[in-house]
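All remarks here apply to the structure that follows.
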Number of protein chains: 2
Amino acid sequence: MNLKHSKQRDCIMEFLSTRKDHPTADTVYMNVRQTFPNISLGTVYRNLTLLADIGEIARIRVGDGVDHFDADTSPHYHFICKECGSVIDLDMEDMAYINETAGKHFDGCIEGHFTYFYGKCGNCFTKS
Amino acid sequence: MNLKHSKQRDCIMEFLSTRKDHPTADTVYMNVRQTFPNISLGTVYRNLTLLADIGEIARIRVGDGVDHFDADTSPHYHFICKECGSVIDLDMEDMAYINETAGKHFDGCIEGHFTYFYGKCGNCFTKS
DNA sequence: ACTAATATCAGTAATAGTTACTAGTTTTAA
DNA sequence: TTAAAACTAGTAACTATTACTGATATTAGT
């Protein structure tokens, strides 16, 4: 896969870098349109997929049926607010050790885990 | 929500109880059609959603873009095989304590977590 | 710089999974 | 027995995503 430079892709990447809230493809689309009014949603999807494939960004699936994207590819856990749906980074150590807990009575090979936490974010918690 | 009895729902529930492999709505549909050849896919979805809402079954989202369903509603973790995609129950203790680990530097309220493990299942592991 | 190869684009159509609508059928409480 | 309401099959609609198409932009080699 021989990459060529693309202004649209740069713009998508740059936008994602400014955000810590793990936007969806649609949010990226809305924002990138301020720079490229004619950009296609397909282009956004194609580039997000491409960037995720080459490891520049991370695709995050939190079970809400929509893919979220994160320019921070360092391993970290996420929190999803049940009220407002926002996806927030958690500051906590890696839990690789739970893979061994899981593997104790399992005959296959456990390579890793996906974990996300849910509840109420700071904002929604103080409101209620 | 006042429930009425329904043969179709019974059949769906009964089929799910016989399976430990967390079928998708489509798999349920295919199998229930052997008893109700004219059952509608919509009916299957509606009843799976209803049963999940009242807590009779669990809806499992493992990030493959398809909802899986489980008649075993006791809390337990799942393993997803990267090769064959099968969803397998894990025999391991609950890890409620990781909620506190996650909450240490977080200002909201952590109520729970979703975790699933991935790798190669026993079958696919011995094959390779 | 020029050109050819090809990655990329915008626009649109197609797909998959799921939910919503509709008119007719079952279930069940009175 | 009956009538309200939950349920059904069939179908249309919806959402998120991917695939297709002909035109455009990028880039390596001259």
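Quick caveat, the model's predicted, so the values are computed rather than measured. Protein chains get the first letters and strands the later ones, always in sequence-line order, with residue 1 at the start of each.
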Check this one for me: any side-chain N or O of B:Gln8 less than 4.0 Å away from OP1 or OP2 of D:dA9?
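For D:dA9, OP1 or OP2 has a side-chain N or O of B:Gln8 closer than 4.0 Å.
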Which residues satisfy the side chain to side chain donor-acceptor pair (under 3.5 Å) test with B:Asp67, sequence neighbours excluded?
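Once residues adjacent in sequence are excluded, the partners of B:Asp67 under the side chain to side chain donor-acceptor pair (under 3.5 Å) criterion are B:Arg59, B:Arg61.
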Only counting residues at least two apart or in another chain, list the ones meeting side chain to side chain donor-acceptor pair (under 3.5 Å) with A:Asp72.
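Partners of A:Asp72 by the side chain to side chain donor-acceptor pair (under 3.5 Å) criterion, ordered by chain and then number, come out as A:Ser74.
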Of all residues at least two apart in sequence or in a different chain, which pass the side-chain contact (heavy atoms from CB on, under 4.5 Å) check with B:Ser6?
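For B:Ser6 the side-chain contact (heavy atoms from CB on, under 4.5 Å) partners, ignoring immediate neighbours, are B:Gln8, B:Arg9.
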Under the side-chain contact (heavy atoms from CB on, under 4.5 Å) rule, collect the residues that match up with A:Asp107, sequence neighbours excluded.
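side-chain contact (heavy atoms from CB on, under 4.5 Å) check on A:Asp107 returns nothing, list empty.
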Roughly how many Å is it from [atom1] in [X] to [atom2] in [N], rounded to a whole number?
| X | N | atom1 | atom2 | result |
| --- | --- | --- | --- | --- |
| B:Asn47 | D:dA9 | CG | C1' | 13 Å |
| A:Arg9 | C:dT8 | CZ | C1' | 8 Å |
| A:Asp64 | D:dA16 | CG | P | 9 Å |
| B:Leu48 | D:dT8 | CG | P | 11 Å |

Can I get a per-line list of side-chain donor-acceptor pairs under 3.5 Å for residues 79-89 of chain B, giving both atom names and the distance, sequence neighbours left out?
unit_1	atom_1	unit_2	atom_2	d
B:Lys82	NZ	A:Glu111	OE1	2.7
B:Asp89	OD1	B:His22	NE2	2.8
B:Asp89	OD1	B:His76	NE2	3.0
B:Asp89	OD1	B:His78	NE2	3.3

Not counting sequence neighbours, which residues clear salt bridge (charged side-chain N to carboxylate O under 4.0 Å, His left out) with B:Glu14? List them please.
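With neighbours one apart ignored, the set is empty.
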List the residues meeting salt bridge (charged side-chain N to carboxylate O under 4.0 Å, His left out) with B:Asp21, not counting sequence neighbours, and say none if there are none.
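If we apply the salt bridge (charged side-chain N to carboxylate O under 4.0 Å, His left out) test to B:Asp21, skipping adjacent residues, the hits are B:Arg19.
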I'd like to know if A:Met95 and B:Phe117 are part of one continuous hydrophobic network [Ile/Leu/Val/Met/Phe/Trp/Tyr, side-chain heavy atoms within less than 4.5 Å].
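Both belong to a single hydrophobic cluster.
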Heavy atoms under 4.0 Å is the rule here; annotate nucleotides 11-30 of chain C 5' to 3' with B where the base is hit, S where only the sugar-phosphate is, and - elsewhere.
B-----SBB-------BS--
Using the C1' atoms of five pairs at each end, what's the angle between the two axes of the helix from C:dA1-D:dT30 to C:dA30-D:dT1, to 10 degrees?
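Here the local axes at opposite ends form an angle of 30°.
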